[in-house]
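Each remark here refers to the structure printed beneath this line.
Note that these values count all heavy atoms, side chains included, but never hydrogens, waters or copies made by symmetry. Each chain gets a letter, A, B and so on, in the order the sequences are listed, and its residues count up from 1. Every value quoted in this text rests on a predicted model; they were computed, and no experiment measured them.
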Amino acid sequence: MKKLINNPDVVVEEMLNGYLKAHSHLVRGVEAHSRTIVRTDAGLKQKVSLIIGGGSGHEPAFMGYVGKGMADGVAVGNIFSSPPPDPIVEAIKATHTDQGALLLYGNYQGDIMNFGMAADIADMEENIEVKQVIVKDDIASAPREEAEKRRGIAGEFFVTKVAGAAAEEGLSLDEVYRITEKANQNVGSMGVGLSPCSLPQTGQPSFNLEEDEMEIGLGHHGEPGVEKIKLATSNVVTERILNNIIDEMDIESGNEVSVLINGLGSTTRMELYIMYDKVESLLNEKGINIYTSYVGDYCTSLEMGGCSITLLKMDEELKPFIDAPAQCPMYTQS
Amino acid sequence: MKKLINNPDVVVEEMLNGYLKAHSHLVRGVEAHSRTIVRTDAGLKQKVSLIIGGGSGHEPAFMGYVGKGMADGVAVGNIFSSPPPDPIVEAIKATHTDQGALLLYGNYQGDIMNFGMAADIADMEENIEVKQVIVKDDIASAPREEAEKRRGIAGEFFVTKVAGAAAEEGLSLDEVYRITEKANQNVGSMGVGLSPCSLPQTGQPSFNLEEDEMEIGLGHHGEPGVEKIKLATSNVVTERILNNIIDEMDIESGNEVSVLINGLGSTTRMELYIMYDKVESLLNEKGINIYTSYVGDYCTSLEMGGCSITLLKMDEELKPFIDAPAQCPMYTQS
Amino acid sequence: MQAEEWKNYFESAHIVLEENKTYLCELDRALGDGDHGITMSIGWKAVQEALHSKLADETDCGKIAMTVGRSFLSAVGSSVGPLYASGFMAGAKAVKNKTELSMEDMRQFWIEFINGVQDRSQAEPGDKTMMDVLYPVQAALQSEEGTVEEKFQQASEAAKNGMEATKEMSSKKGRSSRLGERSIGHQDPGATSMQLLFSTFVTEALNLKTVKEEY
Amino acid sequence: MQAEEWKNYFESAHIVLEENKTYLCELDRALGDGDHGITMSIGWKAVQEALHSKLADETDCGKIAMTVGRSFLSAVGSSVGPLYASGFMAGAKAVKNKTELSMEDMRQFWIEFINGVQDRSQAEPGDKTMMDVLYPVQAALQSEEGTVEEKFQQASEAAKNGMEATKEMSSKKGRSSRLGERSIGHQDPGATSMQLLFSTFVTEALNLKTVKEEY
Ligand SMILES: Nc1ncnc2c1ncn2[C@@H]1O[C@H](COP(=O)(O)OP(=O)(O)O)[C@@H](O)[C@H]1O
Ligand SMILES: Nc1ncnc2c1ncn2[C@@H]1O[C@H](COP(=O)(O)OP(=O)(O)O)[C@@H](O)[C@H]1O
Ligand SMILES: [Mg+2]
Ligand SMILES: [Mg+2]
Ligand SMILES: [Mg+2]
Ligand SMILES: [Mg+2]
């Protein structure tokens, strides 16, 4: 696959350079580590530090979500690889006041190990209180009995939104943790893939699909999905995915949800809105109310084709955190 | 190419349904025409009506730019086709107070004819004063001597931003027109294509490129470009495009510009930021100051691969309009 | 030609253009954005729907042509929409209030149709557009020689030649004009659809005429 | 094995894994996200750089192993980063303050290396991970029979068998575990790179030994 790059070995570095230059009023680097990015106002206000991160290649996630009302700092890994502990520790140190830090990341073994080591270092060496929330929204990645194994995908956007707003409110670490974990428990996603992405360094497609095939429940690094099916209409796919999520999450008539239709990279807004049209109709039929909706590219897999649906079960406590303003380089809400 | 749709004949209708449902707090349809969308607060405040539009397939352009600080209404055409006069007239009627209307669109013959007819109808039948600004930013589409023939591409975002902010300010039609036209005269763009898009109804790629080719100066409907070249590095392409724009626009050391790096659909943010990194360095070297920067998908061509660079030459009058807040379904600035 | 036959012609136009949808898209892919067949299909489908609804009981050939033009325009927009609409509306004036059209009426219709398109088109002969079909058609229809039927036959020939001649032209108007010299070698899609439209008309009109004469 | 030879081994590891970069990516494409070769390449390149900078004058084999682990981790993150780092750091303790390593020292190093990886890994035998290479290696190194050299030779065999056995396993850990049964038939990339790493070590160590004995 063709890419407009210079050298596959330095894509992340060049991307970060461009990003920091383009948005210097909102984010800045830190001297201690080239893979750490923080808000320009990091550390100025007493608040819990929200630190996010993960592999790159998911832009706008994760680096795009550093800013007011969202995260304080991010650690940026190689493409589809967890960052090592160092940049995570530096993100904590550069943003920390004395309210503690919340590490928020997806349920991948690499992230768990590296963020876990970073939490230990921050605790042991810096004496900073650290809590962790691990997002596990992908209902297709493990059955309900093994919900602990589910990986994190686009639902992390909602969890980050809630965490960021709660931290911005000035709530205590325990409170931010409790509310974030509540959002985490109430979010579910499932995706579909139409075409693969390729790593800049190999140029090879991450999986193979015939012209008339699609992959249901795939991961957002091009990991193979739950099932390959024949290309179906958007309505058929949407209904199948949505019903799965609703079942898995025990969402019922009278419940209220926020909806995210997330594009994986090369899927058009047109396709995402066509999907939303059906999601809205189906939820309506089932008597499930929509609180608020997001449609667009929130967590991509390079140029993968496909999308995911995420539902966040709302309650009165979560609403103001979803509604709160946010101002980040790649995401603004007012 | 695979698409997640139901029926190619109704993609625009289903997209609009989804769009209106997803963003009902910001935009609404009008009874008189299914292809007209206006701000929810249309007509409530005395102001010039800014009406935009064009073919669909460019999302977020144009429908995504209806909202506070941006356009009052939009007419949505078939894919890559100008809307007919009716939805344009209805957009004017549904938003008009008594301050007149500004029609803003790209320099395509179809748009000129249809918006022109709409302007005549609004004038003759509704007695509404209408002015028009036709965006011509694509410097690759015609030589400077025939600048009148240049088509409109991503630069329309900047012109819309300025026009929307000026109208929101409550300026008179003459003033909004003058300022918008000034932005229009000071904006220049050029693009590069790596991979084609396909129309849902034909499924055929809009052009053919070998695995080691790219197309310089192509249009954003998949129209062939100025030249096919061998795949080059991002830096080489960026330098070539940027120098072209700077030359064509007589931008000099000491000038100030706003920058837009626009993705055409399937180009990753990573690639766009790598490009921005180089743009910033080159402008720096030349002593050209960057006022503000935008990086992302602002005007796409379905799932085309590639991107464009746009420069808007700034002056003190334009700055506050670029800085003004905006709140649209697919674009928020705060 | 009775109003009913007039409407039948527009039905035929719908069918012929639907048949050529893929071909027209292919031609447009080489020169423009690849949608010309789709645009035609959407436009003529809308016309066909109007024929079966609004126009079901209409017998005024002028009103029929007017509605055909407006329906086409409303459905497609694009540049073809206004061009066609201007043509049909101008032609409509030439056959205003008539429920039956003589060959001479039809000749006037097409001459005015072409004037209408031309007003909006601003394309010169040789610019590689539908006008390269329409200018020769108009010349043939306005020629001093032959019967009206012969003029139409000549015009139909001229349309075909005009269409084919666009292959060798370098585009000066519309989307394909950006291609300049790269446009040479490709037949213009708009000229092609216009030729289909006009030839279909001539065939139907002359056929009717023959049937009537034999009758 | 002198400290210099110990460092040479890590240089060799870099070369061998660089040679197998594409192959490892291919294996990972079938089971995971297709980046294992890249991850190894980035990690060992960082190690190689450390060997030429920070470690240029280092003669403490423990410190060398420690820095190898930390450099690898800092460059790659991922899951392999912490696994390798834990291995090298645990192994480092076994050879602390030594500027020269006997075969027995090296045996202790690898036993502790494996304990270190295992602590973090939590993978059981048969889970289709690098542990399916390391468990049999550890068993062979700890066996009662034979000389240390023979144990290493046995362990090298065991590594190869363990690697190949991963083909028939259904993955229980890491990214590929989501594949379940669909993972059967594909050799595990992490087991493959670990086998390369260990076999390269055994070859170099025994080679040195032979050279010295001949000497
Ligand atoms: N100014 C013009 N006058 C006459 N015909 C034109 C003009 N511009 C374009 N055309 C015709 O329109 C055709 C393209 O139509 P279509 O593909 O439907 O529209 P678009 O270019 O908007 O996609 C061209 O092949 C040409 O014949
Ligand atoms: N818990 C674990 N214990 C031991 N090895 C593991 C574990 N999880 C994964 N691995 C190894 O890591 C390899 C994948 O490495 P790599 O592709 O670099 O990381 P990632 O999966 O993060 O992309 C697997 O083939 C497997 O051998
Ligand atoms: Mg990985
Ligand atoms: Mg078109
Ligand atoms: Mg066209
Ligand atoms: Mg991997």
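- Residue with the most contacts toward chain D among A:A140, A:P84, A:S81: A:P84 (heavy-atom pairs, distance under 4.5 Å).
- The part of D:T39 that comes within reach of chain A is its side chain, from C-beta onward, which places non-hydrogen atoms under 4.5 angstrom from that chain.
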Task: CA sep, side-chain torsions, deciding dist, call: D:F198, D:F113, ring-ring contact (aromatic ring centres under 6.0 Å, His included) - done: CA-CA 11 Å; D:F198 185 71; D:F113 175 94; 8.9 Å; no
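- Only the backbone of A:I79 comes within less than 4.5 Å of a heavy atom in chain D; its side chain stays farther off.
- Across D:D28, D:I38, D:D35, the residue that shares the most heavy-atom pairs under 4.5 angstrom with chain A is D:I38.
- Heavy-atom pairs under 4.5 Å with chain A peak, among D:S74, D:G180, D:G34, D:G81, at D:S74.
- Counting all heavy atoms, side chain and backbone alike, D:V117 lies closest to D:M131 at CG1-SD, 3.7 Å.
- Listed by chain and residue number, nothing satisfies the salt bridge (charged side-chain N to carboxylate O under 4.0 Å, His left out) test with A:E125 (two or more places apart in sequence, or in another chain).
- Summarising the geometry of A:G77 relative to A:V12, their closest heavy-atom pair is O-CG1, 4.0 Å, with the distance given to 0.1 Å.
- For A:R150, the part lying under 4.5 angstrom from a heavy atom of chain D is the backbone only.
- Side chain of A:Y65 to main chain of A:I52: no donor-acceptor pair is present (N/O by atom type, distance under 3.5 Å, no hydrogens or angles).
- No side-chain heavy atom of A:V11 sits under 4.5 Å from any side-chain heavy atom of A:Q201.
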Task: Criterion side-chain contact (heavy atoms from CB on, under 4.5 Å) on D:L24 and D:L17, from CA distance to verdict - done: CA-CA 9 Å; D:L24 293 170; D:L17 285 155; 3.8 Å; yes
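- Of the candidates A:E146, A:E148, A:E156, A:K136 forms a salt bridge (Lys or Arg N to Asp or Glu O under 4.0 Å) with just one, namely A:E148.
- For residues 58-72 of chain D, an interface with chain A (any heavy-atom pair closer than 4.5 Å) does not exist.
- Contacts of A:P8 with chain D are absent, with no heavy-atom separation under 4.5 Å from either backbone or side chain.
- Side chains of D:E204 and D:N8: no donor on one and acceptor on the other come within 3.5 Å.
- Interface residue A:M117: only side-chain heavy atoms are found under 4.5 Å from chain D.
- When each of D:A85, D:S79, D:S78 is checked for heavy-atom pairs under 4.5 Å with chain A, D:S78 comes out on top.
- Judged purely by distance below 3.5 Å, without hydrogens or angles, the side chains of A:N114 and A:S82 pair a donor atom with an acceptor atom.
- A side-chain contact (heavy atoms from CB on, under 4.5 Å) with D:M130 is found for exactly one of D:M163, D:M194, D:K173, namely D:M194.
- Using a 4.5 Å cut-off between heavy atoms, A:D138 does not touch chain D at all.
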